[in-house]
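What you see is a predicted model, and the numbers here were worked out from it, not measured in a lab. Protein chains get the first letters and strands the later ones, always in sequence-line order, with residue 1 at the start of each.
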There are 2 protein chains.
Amino acid sequence: MRALTPKGAATRQRIVEGAAKLIRDHGPANVGLDDIRAATTTSKSQLFHYFPDGKADMLLAVAAHEAELVLAEQEPYLSDLTSWSQWEAWRDRVIARYAAQRRRCPLSALTAQLGLADPAVEGIITGMYTRWHRHVADGVRAVRPDADAERVATQIIGAIAGGATMLVATDDIRYLEIGLTDAIESLRNA
Amino acid sequence: MRALTPKGAATRQRIVEGAAKLIRDHGPANVGLDDIRAATTTSKSQLFHYFPDGKADMLLAVAAHEAELVLAEQEPYLSDLTSWSQWEAWRDRVIARYAAQRRRCPLSALTAQLGLADPAVEGIITGMYTRWHRHVADGVRAVRPDADAERVATQIIGAIAGGATMLVATDDIRYLEIGLTDAIESLRNA
DNA sequence: CATGGATTGGACTACGCGGTCCAAAATGCC
DNA sequence: GGCATTTTGGACCGCGTAGTCCAATCCATG
(Lines give C-alpha, C1' and ligand atoms only; values in the text may rest on other atoms or scores of the structure.)
Protein backbone atom coordinates (compact mmCIF):
# COMPACT_ATOMS: atom_id res chain seq x y z
CA MET A 1 0.00 0.00 0.00
CA ARG A 2 3.01 2.31 0.05
CA ALA A 3 3.15 2.96 -3.68
CA LEU A 4 -0.21 4.26 -4.87
CA THR A 5 -0.58 5.64 -8.34
CA PRO A 6 -3.32 8.22 -8.94
CA LYS A 7 -5.40 5.54 -10.57
CA GLY A 8 -5.07 3.28 -7.58
CA ALA A 9 -5.91 6.06 -5.18
CA ALA A 10 -9.02 6.83 -7.19
CA THR A 11 -10.13 3.21 -7.06
CA ARG A 12 -9.56 3.05 -3.35
CA GLN A 13 -11.58 6.21 -2.90
CA ARG A 14 -14.36 4.82 -5.07
CA ILE A 15 -14.51 1.71 -2.92
CA VAL A 16 -14.68 3.63 0.33
CA GLU A 17 -17.40 5.97 -0.85
CA GLY A 18 -19.41 3.24 -2.50
CA ALA A 19 -19.20 1.05 0.57
CA ALA A 20 -20.15 3.99 2.78
CA LYS A 21 -23.27 4.71 0.78
CA LEU A 22 -24.24 1.06 0.69
CA ILE A 23 -23.79 0.73 4.43
CA ARG A 24 -25.68 3.90 5.10
CA ASP A 25 -28.60 2.57 3.10
CA HIS A 26 -28.73 -1.03 4.23
CA GLY A 27 -26.78 -1.29 7.47
CA PRO A 28 -23.35 -2.83 7.88
CA ALA A 29 -24.71 -6.27 8.66
CA ASN A 30 -26.55 -6.44 5.35
CA VAL A 31 -23.69 -5.48 3.11
CA GLY A 32 -21.28 -8.11 1.84
CA LEU A 33 -18.11 -7.78 -0.14
CA ASP A 34 -19.96 -8.87 -3.23
CA ASP A 35 -22.43 -6.04 -2.84
CA ILE A 36 -19.60 -3.56 -2.55
CA ARG A 37 -17.88 -5.15 -5.50
CA ALA A 38 -20.99 -4.82 -7.61
CA ALA A 39 -21.77 -1.27 -6.52
CA THR A 40 -18.28 -0.01 -7.21
CA THR A 41 -17.55 -2.03 -10.34
CA THR A 42 -14.47 -3.59 -8.89
CA SER A 43 -13.22 -7.12 -8.53
CA LYS A 44 -12.55 -9.19 -5.46
CA SER A 45 -8.83 -8.85 -5.92
CA GLN A 46 -9.08 -5.09 -5.93
CA LEU A 47 -10.88 -5.09 -2.61
CA PHE A 48 -8.13 -7.13 -1.02
CA HIS A 49 -5.42 -5.28 -2.89
CA TYR A 50 -6.38 -1.96 -1.35
CA PHE A 51 -7.48 -3.42 1.97
CA PRO A 52 -5.07 -6.27 2.66
CA ASP A 53 -6.55 -7.07 6.03
CA GLY A 54 -9.93 -7.68 4.53
CA LYS A 55 -13.33 -6.46 5.42
CA ALA A 56 -12.45 -5.11 8.86
CA ASP A 57 -9.78 -2.99 7.27
CA MET A 58 -12.27 -1.64 4.78
CA LEU A 59 -14.93 -0.89 7.34
CA LEU A 60 -12.31 0.98 9.28
CA ALA A 61 -11.65 3.22 6.32
CA VAL A 62 -15.38 3.69 5.89
CA ALA A 63 -15.74 4.61 9.55
CA ALA A 64 -12.95 7.18 9.27
CA HIS A 65 -14.62 8.59 6.18
CA GLU A 66 -17.98 8.86 7.92
CA ALA A 67 -16.47 10.43 11.01
CA GLU A 68 -14.89 13.06 8.83
CA LEU A 69 -18.24 13.73 7.21
CA VAL A 70 -20.01 14.20 10.50
CA LEU A 71 -17.80 17.14 11.35
CA ALA A 72 -17.54 18.48 7.82
CA GLU A 73 -21.30 18.75 7.52
CA GLN A 74 -21.38 21.11 10.48
CA GLU A 75 -19.15 23.60 8.77
CA PRO A 76 -18.71 26.47 8.42
CA TYR A 77 -20.57 26.97 11.70
CA LEU A 78 -18.84 24.54 13.97
CA SER A 79 -15.46 26.19 13.54
CA ASP A 80 -16.85 29.63 14.11
CA LEU A 81 -19.28 29.63 17.02
CA THR A 82 -18.47 33.22 17.84
CA SER A 83 -21.92 34.72 18.00
CA TRP A 84 -25.37 33.61 19.02
CA SER A 85 -26.55 33.71 15.46
CA GLN A 86 -23.75 31.33 14.53
CA TRP A 87 -24.76 29.09 17.40
CA GLU A 88 -28.31 29.05 16.17
CA ALA A 89 -27.34 28.38 12.62
CA TRP A 90 -25.18 25.53 13.85
CA ARG A 91 -27.97 24.10 15.94
CA ASP A 92 -30.37 24.25 13.02
CA ARG A 93 -27.85 22.55 10.79
CA VAL A 94 -27.30 19.74 13.24
CA ILE A 95 -31.01 19.18 13.77
CA ALA A 96 -31.74 19.34 10.06
CA ARG A 97 -29.04 16.85 9.33
CA TYR A 98 -30.35 14.31 11.78
CA ALA A 99 -33.92 14.94 10.75
CA ALA A 100 -32.90 14.13 7.20
CA GLN A 101 -31.03 10.95 7.93
CA ARG A 102 -33.64 9.87 10.43
CA ARG A 103 -32.71 6.49 11.88
CA ARG A 104 -29.76 5.85 9.63
CA CYS A 105 -26.88 6.91 11.79
CA PRO A 106 -23.80 5.65 9.98
CA LEU A 107 -21.46 6.06 12.91
CA SER A 108 -23.44 4.25 15.54
CA ALA A 109 -24.15 1.41 13.15
CA LEU A 110 -20.51 1.12 12.16
CA THR A 111 -19.11 1.23 15.65
CA ALA A 112 -21.64 -1.30 16.83
CA GLN A 113 -20.59 -3.54 14.00
CA LEU A 114 -16.84 -3.13 14.40
CA GLY A 115 -16.83 -3.17 18.17
CA LEU A 116 -15.03 -0.76 20.43
CA ALA A 117 -12.50 -3.40 21.35
CA ASP A 118 -10.45 -2.61 18.27
CA PRO A 119 -8.12 0.23 19.24
CA ALA A 120 -8.15 1.57 15.70
CA VAL A 121 -11.91 2.01 15.79
CA GLU A 122 -11.69 3.54 19.20
CA GLY A 123 -9.11 6.01 17.96
CA ILE A 124 -11.33 7.18 15.13
CA ILE A 125 -14.33 7.67 17.38
CA THR A 126 -12.58 9.33 20.29
CA GLY A 127 -10.62 11.49 17.88
CA MET A 128 -13.80 12.71 16.28
CA TYR A 129 -15.48 13.44 19.58
CA THR A 130 -12.38 15.19 20.86
CA ARG A 131 -12.34 17.53 17.90
CA TRP A 132 -16.07 18.09 18.14
CA HIS A 133 -15.80 18.79 21.82
CA ARG A 134 -12.95 21.24 21.32
CA HIS A 135 -14.84 23.19 18.68
CA VAL A 136 -17.84 23.52 20.95
CA ALA A 137 -15.72 24.48 23.93
CA ASP A 138 -14.02 27.14 21.83
CA GLY A 139 -17.43 28.44 20.91
CA VAL A 140 -18.49 28.61 24.53
CA ARG A 141 -15.38 30.59 25.40
CA ALA A 142 -16.16 32.99 22.58
CA VAL A 143 -19.67 33.85 23.74
CA ARG A 144 -19.40 33.23 27.49
CA PRO A 145 -15.80 33.73 28.58
CA ASP A 146 -16.70 33.27 32.23
CA ALA A 147 -18.44 29.90 31.84
CA ASP A 148 -16.87 26.50 32.46
CA ALA A 149 -16.37 25.80 28.79
CA GLU A 150 -15.35 22.17 29.22
CA ARG A 151 -18.36 21.33 31.30
CA VAL A 152 -20.77 23.10 28.98
CA ALA A 153 -19.24 21.42 25.96
CA THR A 154 -19.63 18.06 27.64
CA GLN A 155 -23.25 18.83 28.29
CA ILE A 156 -23.91 19.94 24.73
CA ILE A 157 -22.14 17.04 23.05
CA GLY A 158 -23.98 14.72 25.40
CA ALA A 159 -27.28 16.27 24.44
CA ILE A 160 -26.56 15.71 20.77
CA ALA A 161 -25.44 12.14 21.35
CA GLY A 162 -28.56 11.48 23.36
CA GLY A 163 -30.77 13.06 20.75
CA ALA A 164 -29.16 10.97 18.05
CA THR A 165 -29.49 7.80 20.08
CA MET A 166 -33.15 8.43 20.82
CA LEU A 167 -33.76 9.29 17.21
CA VAL A 168 -32.39 5.96 16.14
CA ALA A 169 -34.23 4.10 18.88
CA THR A 170 -37.62 5.75 18.65
CA ASP A 171 -37.59 7.72 15.41
CA ASP A 172 -38.47 10.80 17.44
CA ILE A 173 -36.49 13.96 16.69
CA ARG A 174 -37.75 15.86 19.70
CA TYR A 175 -35.10 14.50 22.03
CA LEU A 176 -32.48 16.18 19.89
CA GLU A 177 -34.44 19.36 19.36
CA ILE A 178 -35.24 19.83 23.02
CA GLY A 179 -31.92 18.64 24.37
CA LEU A 180 -29.79 20.80 22.14
CA THR A 181 -32.05 23.84 22.23
CA ASP A 182 -32.33 23.81 26.01
CA ALA A 183 -28.62 23.27 26.47
CA ILE A 184 -27.78 26.29 24.33
CA GLU A 185 -30.53 28.30 25.94
CA SER A 186 -29.26 27.61 29.42
CA LEU A 187 -25.81 28.71 28.29
CA ARG A 188 -27.26 31.90 26.91
CA ASN A 189 -29.06 32.65 30.15
CA ALA A 190 -26.06 31.78 32.30
CA MET B 1 -45.00 -23.30 22.54
CA ARG B 2 -48.54 -23.40 23.93
CA ALA B 3 -48.00 -26.21 26.43
CA LEU B 4 -44.98 -25.53 28.60
CA THR B 5 -44.28 -27.79 31.52
CA PRO B 6 -42.40 -26.31 34.48
CA LYS B 7 -39.29 -28.10 33.34
CA GLY B 8 -39.59 -26.62 29.90
CA ALA B 9 -40.16 -23.15 31.24
CA ALA B 10 -37.06 -23.48 33.39
CA THR B 11 -34.96 -24.52 30.42
CA ARG B 12 -36.25 -21.65 28.39
CA GLN B 13 -35.42 -19.25 31.17
CA ARG B 14 -31.95 -20.75 31.51
CA ILE B 15 -31.35 -20.20 27.83
CA VAL B 16 -32.46 -16.57 27.90
CA GLU B 17 -30.39 -15.69 30.92
CA GLY B 18 -27.35 -17.57 29.74
CA ALA B 19 -27.53 -15.98 26.33
CA ALA B 20 -28.02 -12.56 27.90
CA LYS B 21 -24.91 -12.91 30.01
CA LEU B 22 -22.90 -14.22 27.11
CA ILE B 23 -24.01 -11.34 24.92
CA ARG B 24 -23.33 -8.80 27.62
CA ASP B 25 -19.79 -10.10 27.92
CA HIS B 26 -18.84 -10.63 24.32
CA GLY B 27 -21.23 -8.63 22.21
CA PRO B 28 -24.05 -10.05 20.09
CA ALA B 29 -21.92 -10.38 17.02
CA ASN B 30 -19.48 -12.66 18.76
CA VAL B 31 -21.97 -15.10 20.21
CA GLY B 32 -23.16 -18.04 18.18
CA LEU B 33 -25.76 -20.65 18.88
CA ASP B 34 -23.04 -23.10 19.77
CA ASP B 35 -21.70 -20.75 22.42
CA ILE B 36 -25.13 -20.42 23.93
CA ARG B 37 -25.61 -24.14 23.74
CA ALA B 38 -22.35 -24.76 25.57
CA ALA B 39 -22.93 -22.08 28.19
CA THR B 40 -26.39 -23.29 29.05
CA THR B 41 -25.77 -27.03 28.73
CA THR B 42 -28.50 -27.49 26.19
CA SER B 43 -28.69 -29.06 22.79
CA LYS B 44 -29.34 -27.56 19.42
CA SER B 45 -32.82 -29.04 19.31
CA GLN B 46 -33.72 -27.39 22.59
CA LEU B 47 -32.77 -23.99 21.27
CA PHE B 48 -35.04 -24.42 18.30
CA HIS B 49 -37.70 -26.12 20.36
CA TYR B 50 -38.13 -23.09 22.59
CA PHE B 51 -37.42 -20.53 19.90
CA PRO B 52 -38.96 -21.96 16.74
CA ASP B 53 -38.07 -18.96 14.65
CA GLY B 54 -34.41 -19.39 15.41
CA LYS B 55 -31.80 -17.01 16.55
CA ALA B 56 -33.72 -13.81 15.87
CA ASP B 57 -36.51 -15.13 18.03
CA MET B 58 -34.08 -15.85 20.83
CA LEU B 59 -32.37 -12.48 20.64
CA LEU B 60 -35.77 -10.90 20.84
CA ALA B 61 -36.45 -12.67 24.12
CA VAL B 62 -33.03 -11.61 25.34
CA ALA B 63 -33.72 -8.01 24.37
CA ALA B 64 -37.03 -8.04 26.22
CA HIS B 65 -35.29 -9.50 29.22
CA GLU B 66 -32.59 -6.83 29.19
CA ALA B 67 -35.09 -4.03 28.70
CA GLU B 68 -36.97 -5.23 31.75
CA LEU B 69 -33.74 -5.23 33.71
CA VAL B 70 -32.86 -1.67 32.78
CA LEU B 71 -36.00 -0.36 34.43
CA ALA B 72 -35.99 -2.84 37.29
CA GLU B 73 -32.52 -1.76 38.38
CA GLN B 74 -33.75 1.80 38.87
CA GLU B 75 -36.29 0.77 41.44
CA PRO B 76 -37.53 1.60 43.95
CA TYR B 77 -36.58 5.16 43.05
CA LEU B 78 -37.84 5.46 39.50
CA SER B 79 -41.43 4.76 40.51
CA ASP B 80 -41.33 7.20 43.38
CA LEU B 81 -39.60 10.40 42.33
CA THR B 82 -41.65 12.42 44.78
CA SER B 83 -38.92 14.31 46.60
CA TRP B 84 -35.56 15.79 45.76
CA SER B 85 -33.82 13.21 47.88
CA GLN B 86 -35.50 10.48 45.84
CA TRP B 87 -34.39 12.23 42.68
CA GLU B 88 -30.84 12.31 43.91
CA ALA B 89 -30.89 8.71 44.99
CA TRP B 90 -32.22 7.79 41.58
CA ARG B 91 -29.57 9.81 39.82
CA ASP B 92 -26.84 8.19 41.87
CA ARG B 93 -28.23 4.77 41.13
CA VAL B 94 -28.33 5.40 37.41
CA ILE B 95 -24.80 6.77 37.35
CA ALA B 96 -23.48 3.96 39.51
CA ARG B 97 -25.08 1.39 37.31
CA TYR B 98 -23.52 2.75 34.16
CA ALA B 99 -20.20 3.30 35.87
CA ALA B 100 -20.22 -0.37 36.79
CA GLN B 101 -21.11 -1.74 33.39
CA ARG B 102 -18.81 0.71 31.69
CA ARG B 103 -18.88 0.16 27.94
CA ARG B 104 -21.04 -2.94 27.97
CA CYS B 105 -24.45 -1.56 27.27
CA PRO B 106 -26.61 -4.59 26.53
CA LEU B 107 -29.46 -2.66 24.99
CA SER B 108 -27.56 -0.57 22.52
CA ALA B 109 -25.61 -3.61 21.41
CA LEU B 110 -28.73 -5.69 20.95
CA THR B 111 -30.73 -3.11 19.09
CA ALA B 112 -27.82 -2.41 16.82
CA GLN B 113 -27.55 -6.09 16.13
CA LEU B 114 -31.23 -6.83 15.63
CA GLY B 115 -31.97 -3.74 13.66
CA LEU B 116 -34.85 -1.36 14.19
CA ALA B 117 -36.56 -2.60 11.06
CA ASP B 118 -38.10 -5.49 12.95
CA PRO B 119 -41.33 -4.15 14.47
CA ALA B 120 -41.05 -6.56 17.39
CA VAL B 121 -37.68 -5.10 18.37
CA GLU B 122 -38.99 -1.63 17.92
CA GLY B 123 -41.91 -2.42 20.17
CA ILE B 124 -39.67 -3.59 22.97
CA ILE B 125 -37.44 -0.54 22.77
CA THR B 126 -40.11 2.10 22.40
CA GLY B 127 -42.15 0.39 25.08
CA MET B 128 -39.28 0.59 27.49
CA TYR B 129 -38.56 4.22 26.73
CA THR B 130 -42.22 5.09 26.99
CA ARG B 131 -42.44 3.62 30.46
CA TRP B 132 -39.18 5.26 31.47
CA HIS B 133 -40.34 8.59 30.14
CA ARG B 134 -43.65 8.31 31.93
CA HIS B 135 -42.03 7.57 35.26
CA VAL B 136 -39.74 10.56 34.93
CA ALA B 137 -42.58 12.84 33.83
CA ASP B 138 -44.62 11.71 36.82
CA GLY B 139 -41.68 12.58 39.02
CA VAL B 140 -41.42 16.03 37.48
CA ARG B 141 -45.09 16.67 38.14
CA ALA B 142 -44.58 15.59 41.73
CA VAL B 143 -41.81 18.07 42.50
CA ARG B 144 -42.56 20.85 40.01
CA PRO B 145 -46.27 20.85 39.24
CA ASP B 146 -45.95 23.98 37.12
CA ALA B 147 -43.22 22.72 34.82
CA ASP B 148 -43.72 21.26 31.36
CA ALA B 149 -43.27 17.70 32.57
CA GLU B 150 -43.16 16.14 29.13
CA ARG B 151 -40.48 18.46 27.91
CA VAL B 152 -38.36 18.05 31.01
CA ALA B 153 -38.71 14.29 30.87
CA THR B 154 -37.60 14.34 27.26
CA GLN B 155 -34.59 16.37 28.24
CA ILE B 156 -33.65 14.07 31.11
CA ILE B 157 -34.10 10.83 29.21
CA GLY B 158 -32.09 12.35 26.38
CA ALA B 159 -29.33 13.28 28.79
CA ILE B 160 -29.15 9.72 30.06
CA ALA B 161 -29.18 8.28 26.58
CA GLY B 162 -26.43 10.66 25.56
CA GLY B 163 -24.40 9.87 28.62
CA ALA B 164 -24.74 6.16 27.95
CA THR B 165 -23.81 6.60 24.30
CA MET B 166 -20.75 8.64 25.12
CA LEU B 167 -19.78 6.18 27.80
CA VAL B 168 -19.82 3.37 25.29
CA ALA B 169 -18.04 5.46 22.68
CA THR B 170 -15.34 7.04 24.78
CA ASP B 171 -15.37 5.18 28.09
CA ASP B 172 -15.90 8.52 29.80
CA ILE B 173 -18.59 8.65 32.48
CA ARG B 174 -18.57 12.43 32.80
CA TYR B 175 -21.05 12.94 29.98
CA LEU B 176 -23.61 11.05 31.99
CA GLU B 177 -22.70 12.65 35.30
CA ILE B 178 -22.76 16.18 33.97
CA GLY B 179 -25.72 15.73 31.66
CA LEU B 180 -27.98 14.14 34.21
CA THR B 181 -26.85 16.29 37.13
CA ASP B 182 -27.28 19.53 35.23
CA ALA B 183 -30.65 18.50 33.87
CA ILE B 184 -31.98 17.78 37.34
CA GLU B 185 -30.35 20.89 38.70
CA SER B 186 -31.96 23.09 36.10
CA LEU B 187 -35.31 21.54 36.97
CA ARG B 188 -34.71 22.26 40.62
CA ASN B 189 -33.88 25.89 39.92
CA ALA B 190 -36.78 26.34 37.54
C1' DC C 1 10.40 -0.74 -26.79
C1' DA C 2 11.50 -3.33 -22.90
C1' DT C 3 10.79 -4.26 -18.04
C1' DG C 4 9.01 -4.35 -13.58
C1' DG C 5 5.60 -2.98 -10.51
C1' DA C 6 0.87 -1.57 -9.92
C1' DT C 7 -3.67 -2.88 -11.13
C1' DT C 8 -7.47 -5.79 -12.44
C1' DG C 9 -10.51 -10.07 -13.37
C1' DG C 10 -12.87 -13.74 -11.67
C1' DA C 11 -12.91 -18.59 -10.57
C1' DC C 12 -12.18 -21.28 -6.63
C1' DT C 13 -11.72 -22.62 -1.71
C1' DA C 14 -12.64 -22.80 3.26
C1' DC C 15 -15.60 -22.81 6.80
C1' DG C 16 -18.42 -20.81 10.38
C1' DC C 17 -22.82 -21.11 11.63
C1' DG C 18 -27.81 -21.15 11.39
C1' DG C 19 -31.05 -24.48 10.76
C1' DT C 20 -33.05 -29.50 10.07
C1' DC C 21 -34.10 -34.12 11.48
C1' DC C 22 -35.01 -38.27 13.77
C1' DA C 23 -34.71 -41.03 17.45
C1' DA C 24 -34.44 -41.57 22.52
C1' DA C 25 -35.58 -40.35 27.09
C1' DA C 26 -38.39 -38.13 30.37
C1' DT C 27 -42.80 -36.59 31.93
C1' DG C 28 -47.63 -35.90 32.45
C1' DC C 29 -52.28 -37.85 32.31
C1' DC C 30 -56.17 -41.15 32.54
C1' DG D 1 -49.29 -49.21 33.61
C1' DG D 2 -49.74 -47.46 29.20
C1' DC D 3 -50.36 -43.78 25.80
C1' DA D 4 -49.46 -39.08 24.33
C1' DT D 5 -46.81 -35.22 24.62
C1' DT D 6 -42.99 -32.77 25.79
C1' DT D 7 -38.16 -32.58 26.30
C1' DT D 8 -33.54 -33.76 24.99
C1' DG D 9 -29.27 -35.35 22.28
C1' DG D 10 -26.40 -34.63 18.64
C1' DA D 11 -25.24 -35.80 13.98
C1' DC D 12 -25.90 -33.73 9.67
C1' DC D 13 -26.82 -30.37 5.90
C1' DG D 14 -26.48 -26.25 3.10
C1' DC D 15 -25.67 -21.59 2.32
C1' DG D 16 -23.60 -17.30 2.48
C1' DT D 17 -19.62 -15.11 2.39
C1' DA D 18 -14.82 -13.82 3.56
C1' DG D 19 -10.63 -14.72 1.76
C1' DT D 20 -7.05 -16.93 -1.83
C1' DC D 21 -4.68 -17.37 -6.12
C1' DC D 22 -2.82 -16.78 -10.52
C1' DA D 23 -2.92 -15.00 -14.78
C1' DA D 24 -3.87 -10.92 -17.65
C1' DT D 25 -3.33 -6.07 -18.43
C1' DC D 26 -2.11 -1.42 -17.73
C1' DC D 27 1.31 2.08 -17.17
C1' DA D 28 5.44 4.63 -15.79
C1' DT D 29 10.26 4.98 -16.60
C1' DG D 30 14.77 4.49 -18.80
Legend entry - side-chain hydrogen bond (donor to acceptor under 3.5 Å, both in side chains) assessment of B:T165 paired with A:T165: CA-CA 7 Å; B:T165 298; A:T165 298; 2.5 Å; yes

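Counting non-hydrogen atoms of neighbouring residues, nucleotides and ligands closer than 6.0 angstrom, the CZ atom of B:R174 reaches no more than 12 such neighbours.
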List every contact pair, protein side and nucleotides 21-24 of chain C side both N or O, where the distance is under 3.5 Å.
none

Protein N or O to nucleotides 28-30 of chain C N or O, pairs below 3.5 Å:
none

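As a whole-Å value, the separation of B:M58 CE from C:dG19 C1' is 13 Å. Distance OH (A:Y50) to P (D:dA18): 20 Å, rounded to an integer number of Å. Distance NZ (B:K55) to P (C:dT20): 15 Å, rounded to an integer number of Å. Atom pair B:F51:CZ and C:dT20:P shows a separation of 15 Å (rounding to whole Å applied). Residue A:L33 contributes atom CG, which lies 20 Å from atom P of D:dC15 at whole-angstrom precision. In this structure, the CG atom of A:L47 is 10 Å from the P atom of D:dA18, given to the nearest Å. Atom NE2 in B:H49 sits roughly 18 Å away from atom P in C:dA25 (whole-Å rounding). Atom CZ in B:R37 sits roughly 14 Å away from atom C1' in C:dG16 (whole-Å rounding).
Using the six-membered ring where Trp is involved, B:W84 and B:W87 have ring planes that are tilted, between 30° and 60° apart.
Checked by atom type and distance alone, the side chain of A:Q74 pairs as donor or acceptor with a backbone atom of A:V70 at under 3.5 Å. B:H26 places a side-chain N or O within 3.5 Å of a backbone atom of B:L22 that can act as its donor or acceptor partner.
Checked by atom type, the side-chain pair A:T170/B:T126 shows no donor-acceptor distance below 3.5 Å. Checking B:T181 against B:E177 by side-chain atom types alone, no donor-acceptor pair falls below 3.5 Å.
Between A:K21 and A:D25, at least one side-chain nitrogen of the basic residue sits less than 4.0 Å from a carboxylate oxygen of the acidic one, meeting the salt-bridge criterion. Comment: B:E88 does not engage B:R93 in a salt bridge, judged by the lack of any side-chain N to carboxylate O separation of less than 4.0 angstrom.
Comparing A:T11 and B:G54 by the nucleotide of DNA chain C whose heavy atom lies nearest to each, the residue mapping closer to the 5' end is A:T11.
Closest approach of A:T82 to A:A142, counting heavy atoms only: CA-CB, 4.0 Å.
Contacts between residues 18-26 of chain B and DNA chain C, defined by a heavy-atom separation under 4.0 Å, are absent.
The shortest distance between the side-chain N/O atoms of A:Q46 and the OP1/OP2 oxygens of C:dT7 is not below 4.0 Å.
With B:D138 as the partner, the side-chain hydrogen bond (donor to acceptor under 3.5 Å, both in side chains) test is satisfied by one option alone out of B:R134, B:H135, B:R141: B:R141.
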